[in-house]
4 protein chains.
Amino acid sequence: MIDLQGERSPQGMALARVGVSDLSYPIRVQAAPNVVQATIGRFEMAVRLQADERGTHMSRFVEFVHGSSAPYAADTVGTRLKQLAERLGSQRAFLDVSFPLFFPRKAPVSGAEGLLDVSCRLRGEIQEGNACVTMIVRVPVTSLCPCSKAISDYGAHNQRGYVTIETELATADTALHFAELVVLAEGAGSSPVYPLLKRPDERFVTMAAYDKPMFVEDMARHVAKALASDARVGRYRVHAENLESIHSHSAFAEAASE
Amino acid sequence: MIDLQGERSPQGMALARVGVSDLSYPIRVQAAPNVVQATIGRFEMAVRLQADERGTHMSRFVEFVHGSSAPYAADTVGTRLKQLAERLGSQRAFLDVSFPLFFPRKAPVSGAEGLLDVSCRLRGEIQEGNACVTMIVRVPVTSLCPCSKAISDYGAHNQRGYVTIETELATADTALHFAELVVLAEGAGSSPVYPLLKRPDERFVTMAAYDKPMFVEDMARHVAKALASDARVGRYRVHAENLESIHSHSAFAEAASE
Amino acid sequence: MIDLQGERSPQGMALARVGVSDLSYPIRVQAAPNVVQATIGRFEMAVRLQADERGTHMSRFVEFVHGSSAPYAADTVGTRLKQLAERLGSQRAFLDVSFPLFFPRKAPVSGAEGLLDVSCRLRGEIQEGNACVTMIVRVPVTSLCPCSKAISDYGAHNQRGYVTIETELATADTALHFAELVVLAEGAGSSPVYPLLKRPDERFVTMAAYDKPMFVEDMARHVAKALASDARVGRYRVHAENLESIHSHSAFAEAASE
Amino acid sequence: MIDLQGERSPQGMALARVGVSDLSYPIRVQAAPNVVQATIGRFEMAVRLQADERGTHMSRFVEFVHGSSAPYAADTVGTRLKQLAERLGSQRAFLDVSFPLFFPRKAPVSGAEGLLDVSCRLRGEIQEGNACVTMIVRVPVTSLCPCSKAISDYGAHNQRGYVTIETELATADTALHFAELVVLAEGAGSSPVYPLLKRPDERFVTMAAYDKPMFVEDMARHVAKALASDARVGRYRVHAENLESIHSHSAFAEAASE
């Protein structure tokens with residue numbers, strides 16, 4: 001049967017990335033040192049295409065995901081990328097997978113337990129054998145506005161915010177866990193949010209947030225400082241966003257390594 | 001040229017609705033008595049298909065939108081539906097169009113002006129000449145939790161919420177305007193949200209919200225009472241939702257006529 | 001501690017639904033007779049609120065989801081609803097949960113296996129002890145246009161489409177499985193879509209679709225006929241939609257019982 | 001009144017970007033040399049924040065959008081950025097605005113006219129007076145698979161695809177119009193898509209697509225070659241994506257300058 005993708009390309013131009021996207025698959029992910037979770041991954045995978053190749057073999061990307069039952073973890077993405085590059089016959093390969101993880105959280109007074117839903121993502125790239133891996137978490141927090149508190153006789157506007165941490169591993173086999181990044185992000189707000197709060201907890205959280213007002217700028221800096229002093233972290237970007245309760249738009253701040 | 005859609009259907013089953021969806025088109029909308037706005041509509045349109053018709057003529061729906069330059073308004077949807085039913089040769093026709101409208105709002109102290117973004121929608125159905133038209137607005141507000149205020153020594157959690165009003169017109173040519181529904185929804189929260197606030201405004205809004213704590217249940221009831229006593233309103237549904245600042249899920253309440 | 005939600009309501013209006021939405025939680029679902037899958041559910045839950053109750057206890061909805069480890073299945077939703085109504089002290093309760101399920105599919109010639117991603121949903125309502133349960137699947141298919149084939153000398157436009165089946169169970173404990181509804185929907189298109197196809201499979205699928213052209217109207221009727229003759233099915237609605245390859249909007253058809 | 005944002009920051013870390021996002025506003029855009037369209041913009045705006053500044057003044061971003069009635073165009077973004085940087089007192093400013101534009105298209109045989117909906121975006125950055133501006137269009141096309149055509153006795157799978165062109169202007173005042181980029185993208189598929197097609201047009205488009213099979217790789221290269229030889233274009237990225245009709249995931253290819 002004819003193999004057009006395998007044809008010599010008449011166009012003589014390399015392509016940076018060729019692959020599949022919007023592929024959903026059930027996967028398992030290493031969320032913390034001894035915790036593996038079943039979740040659903042949304043995949044984008046690609047390889048570089050040489051100038052003289054007309055196309056890639058798209059079905060091999062799906063086979064690659066289907067054939068792998070090992071848990072996804074930041075420190076094994078390098079190995080996966082090497083296999084993907086080999087399977088597709090390319091010098092360069094890309095893997096990007098997004099998935100929710102759930103972290104048990106106890107309410108601060110009652111101790112009532114629930115699961116906190118966090119959007120997570122692993123992104124990696126290999127080029128001639130050198131892998132670069134990025135971990136991303138997007139964590140909900142409560143933020144209370146310092147300006148509103150300072151200028152008002154009583155009250156202070158607050159809202160749900162999201163702290164997004166995007167961090168490269170210093171080396172492709174560094175042991176950094178999603179659970180650690182989530183805790184770091186939760187500490188950046190005026191208070192963590194909780195899946196489940198009883199009335200005494202609600203009282204606690206209300207006053208805790210009032211006692212710790214934070215601008216988006218403060219939140220981004222708080223996380224960035226911690227990342228900057230962690231030897232396991234390479235380049236990073238921190239994005240703090242407030243779904244402003246007094247506006248219908250958001251306010252945000254970003255800190256990045258340089 | 002063969003016309004398969006016009007064929008007799010061998011399947012002998014009427015179809016409730018056949019048409020097009022996800023069609024975007026620039027339109028003009030009557031937002032208030034003397035205010036017509038240019039905006040972008042997202043359309044779904046359909047007709048009923050008889051048991052002996054195999055298919056409808058999809059291109060006529062697009063022609064119908066393309067050929068109409070008059071502003072969209074609740075009290076002219078009936079006429080549009082009659083034309084759509086005729087054009088498609090059906091006894092029953094449906095029109096559903098969603099679009100943002102922008103309402104000028106002044107900050108409460110400084111008077112600084114900006115535009116409030118509101119998701120709006122017109123939905124109508126005609127059956128043997130009788131049209132039923134529904135107007136929908138989804139309006140952002142601030143809500144402050146009465147429970148949190150009552151049980152805490154200071155502070156109170158608050159957040160952005162959305163009040164959605166869905167109301168049928170008592171008769172197809174009733175003059176009810178989006179601008180009126182928006183004002184009604186804004187009054188249901190602890191405070192309206194504003195596109196633009198300077199510091200003295202922020203102080204005002206912070207304290208105003210603290211002075212008027214509202215549950216989602218209170219917000220839904222507030223709006224429902226007003227609708228129930230408005231003779232221009234037929235059946236209605238009110239949905240109030242809080243993007244809880246202390247959780248990553250929402251709380252909601254719905255009031256409905258009958 | 002004060003319990004404002006438990007207060008008598010001064011507003012004297014019952015609320016149709018009060019609860020939580022946008023709550024994500026890991027769950028297990030009965031996909032087929034002997035198949036239970038781990039997946040992620042997106043929940044909306046609510047109860048009716050009496051005229052003299054000011055508010056409901058939102059945290060109990062989260063406790064309800066957190067405390068349940070049994071697999072979700074259509075025929076056990078009734079029992080869950082009864083428990084939810086009791087826990088919240090209401091005569092009427094609502095549960096709506098959406099989640100992806102994955103079904104193994106073999107390519108038609110090579111037999112290469114992959115997992116087909118299907119959006120599924122369970123929705124139920126109980127009123128004074130009587131539960132009504134609805135199952136929903138949204139299944140991707142290939143559809144090839146009969147008109148395009150008939151009027152062209154060669155070729156025929158085709159595209160990805162989605163067949164959505166929404167069906168009430170005839171009785172709350174009927175044994176109807178998501179896997180059955182998915183197979184029914186897949187048979188409605190010009191061809192099923194596959195997670196993984198090698199070149200001989202692609203040839204097979206291309207010709208199979210050309211041999212079985214289907215309008216959205218045909219697809220909706222095909223499924224509706226099967227549902228109408230299945231004693232386990234109560235009321236139903238079938239929605240067939242094509243992401244038209246020759247337009248940037250969609251075409252759709254809906255068949256409904258009655 | 002206290003100005004906390006204006007405080008010296010105790011944290012001593014510059015922030016790459018601080019501003020507002022998810023702000024919707026009605027705007028006018030220069031779509032082609034003599035064509036200005038009313039549309040709805042979705043804004044993200046930011047400035048760099050010095051290490052010794054605690055916060056920025058978020059309300060000024062909204063004032064900036066509210067106060068500007070001139071049409072948005074690629075060659076005036078530089079001027080806007082300069083004003084934004086000055087207004088916020090920063091050396092560096094960012095503007096990113098997304099909006100739909102509508103381009104009139106005639107069906108190829110009947111000449112029936114409709115409007116093609118295209119997602120567009122302007123993104124700019126200024127640093128010490130030097131602006132860099134990027135234009136983005138995402139254009140729907142039809143693509144027919146060369147492999148499917150070559151290996152099948154009849155038929156060929158095809159689908160809706162999207163060609164996204166992202167191009168920097170060679171200089172900040174280059175006159176490059178969205179309309180030109182849209183035409184370039186439309187030419188990359190097997191056929192353009194049309195808002196409105198009558199039966200003779202559908203026959204034409206069906207056969208035209210069959211006569212010009214294109215992989216995503218071919219589409220990306222086609223556009224990239226044209227951009228590479230256009231002196232007005234600086235760095236660029238082309239993304240071609242197919243909503244595969246035989247899968248429920250997408251295939252994509254990206255070409256980039258350098």
Side-chain angles (χ1 to χ4, degrees), chain A residues 1-6 20 22-29 31 36-43 55 57-67 98-107 109-110 112-119 140 160 193-204, chain C residues 1-6 20 22-29 31 36-43 55 57-67 98-107 109-110 112-119 140 160 193-204:
Chain A
M1 201 170 281
I2 300 171
D3 177 4
L4 287 189
Q5 285 93 341
V20 304
D22 288 325
L23 175 71
S24 285
Y25 242 79
I27 57 171
R28 290 185 308 139
V29 176
V36 170
Q37 280 183 33
T39 183
I40 311 294
R42 190 81 171 172
F43 284 88
H57 291 88
M58 299 289 185
S59 63
R60 294 184 192 172
F61 293 102
V62 182
E63 286 173 333
F64 181 75
V65 173
H66 186 72
S98 301
F99 42 85
L101 290 180
F102 293 85
F103 297 89
R105 288 295 179 265
K106 285 196 163 128
V109 177
S110 70
E113 194 176 276
L115 298 177
L116 182 73
D117 166 29
V118 177
S119 298
R160 195 190 303 160
V193 304
Y194 294 88
L196 183 52
L197 293 172
K198 308 304 285 182
R199 268 204 311 285
D201 304 311
E202 189 173 347
R203 171 184 150 88
F204 180 92
Chain C
M1 200 169 282
I2 302 171
D3 177 4
L4 288 189
Q5 286 92 342
V20 304
D22 289 325
L23 175 71
S24 285
Y25 242 80
I27 57 171
R28 291 184 309 137
V29 177
V36 170
Q37 282 184 32
T39 184
I40 311 294
R42 189 84 171 169
F43 284 87
H57 290 90
M58 299 289 183
S59 64
R60 295 185 191 170
F61 293 102
V62 182
E63 286 173 334
F64 181 76
V65 173
H66 186 72
S98 300
F99 42 85
L101 291 179
F102 292 86
F103 296 89
R105 288 296 179 262
K106 285 197 163 127
V109 177
S110 70
E113 195 176 275
L115 298 177
L116 182 73
D117 166 29
V118 178
S119 298
R160 194 189 304 160
V193 305
Y194 293 89
L196 184 50
L197 294 171
K198 308 305 287 183
R199 269 205 310 284
D201 304 311
E202 189 173 347
R203 171 184 150 89
F204 180 94

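So that the names make sense, note that chain A is the first sequence line, chain B the second, and so on, each numbered from 1. In this text, all values refer to a predicted model and were calculated from it rather than measured experimentally.
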| task | Name the option with the most non-hydrogen atom pairs under 4.5 Å to chain C; the candidates are R203(A), M58(A), R60(A), E113(A). | result | E113(A)
| query | How many angstroms lie between atom CG of L23(A) and atom CZ of R42(A), to the nearest 0.5 angstrom? | reply | 8.0 Å
| request: Would you please name every residue forming a side chain to side chain donor-acceptor pair (under 3.5 Å) with R28(A), sequence neighbours left out? | output: none
| Option that, when pairs with chain A are counted at under 4.5 Å, heavy atom only, ranks first among A112(C), A38(C), P200(C) | P200(C)
| note | Rounding to 0.5 Å, atoms OG1 (T39(C)) and CG (L101(C)) come to a distance of 6.0 Å
| query | Tell me, side chain or backbone of F102(A) under 4.5 Å from chain C's heavy atoms, or both, or neither? | reply | side chain
| Check: L116(A) and P140(A) side chains under 4.5 Å, non-hydrogen atoms | yes
| task | Mind checking the OG-CZ spacing from S110(C) to R199(C)? Nearest 0.5 Å is all I need. | result | 11.5 Å
| task | Under 4.5 Å, counting heavy-atom pairs only, tell me which of D3(C), V65(C), L197(C) racks up the most with chain A. | result | D3(C)
| query | Atom CZ of F43(C) and atom CZ of F64(C): how far apart are they, to the nearest 0.5 Å? | reply | 8.5 Å
| Heavy-atom contact with chain C under 4.5 Å, split by part of L115(A) | both
| field | Q37(C) versus chain A, the contacting section by heavy-atom distance below 4.5 Å | value | neither
| query | Can you say whether E202(A) sits under 4.5 Å from chain C via the side chain, the backbone, both, or neither, judging by heavy atoms? | reply | neither
